[in-house]
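To start, the structure under review is shown below, and the notes come after it.
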Amino acid sequence: MRDEIRRNMPLFSIGIVTKLTELTPRQVRYYEQQELIKPSRTSGNQRLFSFNDVDRLLHIKSLMEKGINIAGVKEMLSGKKAESEAQAAATAPAQKPDMSDAELRKLLKRQLTELTARPNQNHLIRGELSRFFH
DNA sequence: GTTCTTACA
DNA sequence: TGTAAGGA
């Protein structure tokens, strides 16, 4: 499908992107550093974002607004198979404040496993953990 | 006028 | 993250 080439076609300057996403240039550049996006450059070193980049930034923005840190966002977007699992783990708690204890324990167990495997995703679950020690 | 990189209150 | 400096 050549729709892909259109979505990945570098078209927007950082100025347009910031207006489209409501993000500051600082944030956009920072996310690029974190390799969350990979805009191409013009011959003059100016960043050129594709529709996909904008879409990605919007996704990142929504994730950040849910209180997810860069590390977490990174794993969700860059991760291949870890994506759905990580996103579900991070999103579900925020959307289901009244989750049953059974569900919560199940979630906690899974996240505890994640914790030992990836220490940096720590505060992604810290909030949930506190709910257990009330 | 816009964007770029580096660096620091 | 914001912002200033110095260039392109």
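A, B, ... follow the sequence lines: proteins, then strands. Residue 1 opens every chain. Heavy-atom basis, side chains included; hydrogens, waters and symmetry copies ignored.
- Regarding A:K61, its NZ atom lies at a distance of 16 Å from the C1' atom of C:dT1, rounded to whole Å.
- Between the CZ atom of A:F12 and the C1' atom of B:dT3 there is a distance of 17 Å, given to the nearest Å.
- Between A:E22 atom CD and C:dT1 atom P there is a gap of 14 Å when expressed in whole angstrom units.
- Straight-line distance from the CG atom of A:N45 to the P atom of C:dA8: 12 Å, rounded to whole Å.
- For the pair A:R41 and A:R47, the minimum side-chain heavy-atom distance is below 4.5 Å.
- As rounded to whole Å, 14 Å separates atom P of B:dT3 from atom CG of A:L23.
- Between B:dT5, B:dT3, C:dG2, one nucleotide has an atom nearer to the side chain of A:Q46 than all others, and that is B:dT3.
- The partner of C:dA8 is B:dT2, by the rule that a Watson-Crick or G-U pair needs both atom distances under 3.5 Å.
- Take A:N52 and apply the side chain to side chain donor-acceptor pair (under 3.5 Å) test, not counting sequence neighbours, and it matches no residue.
- The closest side-chain heavy-atom distance from A:K38 to A:R56 is below 4.5 Å.
- Between A:R47 and B:dT3 there is no side-chain polar atom (N or O) within less than 4.0 angstrom of OP1 or OP2.
- Atom CD of A:Q33 is separated from atom C1' of B:dA7 by 12 Å (rounded to the nearest Å).
- Look at A:T24 and you won't find any side-chain N or O under 4.0 angstrom from OP1 or OP2 of C:dT1.
- For A:N69 and C:dT1, the CG to P distance is 12 Å, given to the nearest whole Å.
- For the pair A:Y31 and A:L23, the minimum side-chain heavy-atom distance is below 4.5 Å.
- Atom CD in A:Q34 sits about 10 Å away from atom P in C:dT1, given to the nearest Å.
- Within the structure, a side-chain polar atom (N or O) of A:R41 is placed less than 4.0 Å from OP1 or OP2 of B:dT5.
- When the side chains of ILVMFWY residues are joined at heavy-atom separations under 4.5 Å, either directly or via intervening members, A:I37 and A:L20 end up in a single hydrophobic cluster.
- For the pair A:Y31 and C:dT1, the criterion of a side-chain N or O lying under 4.0 Å from OP1 or OP2 is met.
- Under the Watson-Crick and G-U wobble criteria, each requiring two contacts below 3.5 Å, nucleotide B:dA9 is left unpaired.
- When heavy atoms are screened at a 4.0 angstrom cut-off, A:G15 is found touching the sugar-phosphate backbone but no base atom.
- At a cut-off of 3.5 angstrom, the base of C:dT3 holds at least one donor-acceptor pair with the side chain of A:R26.
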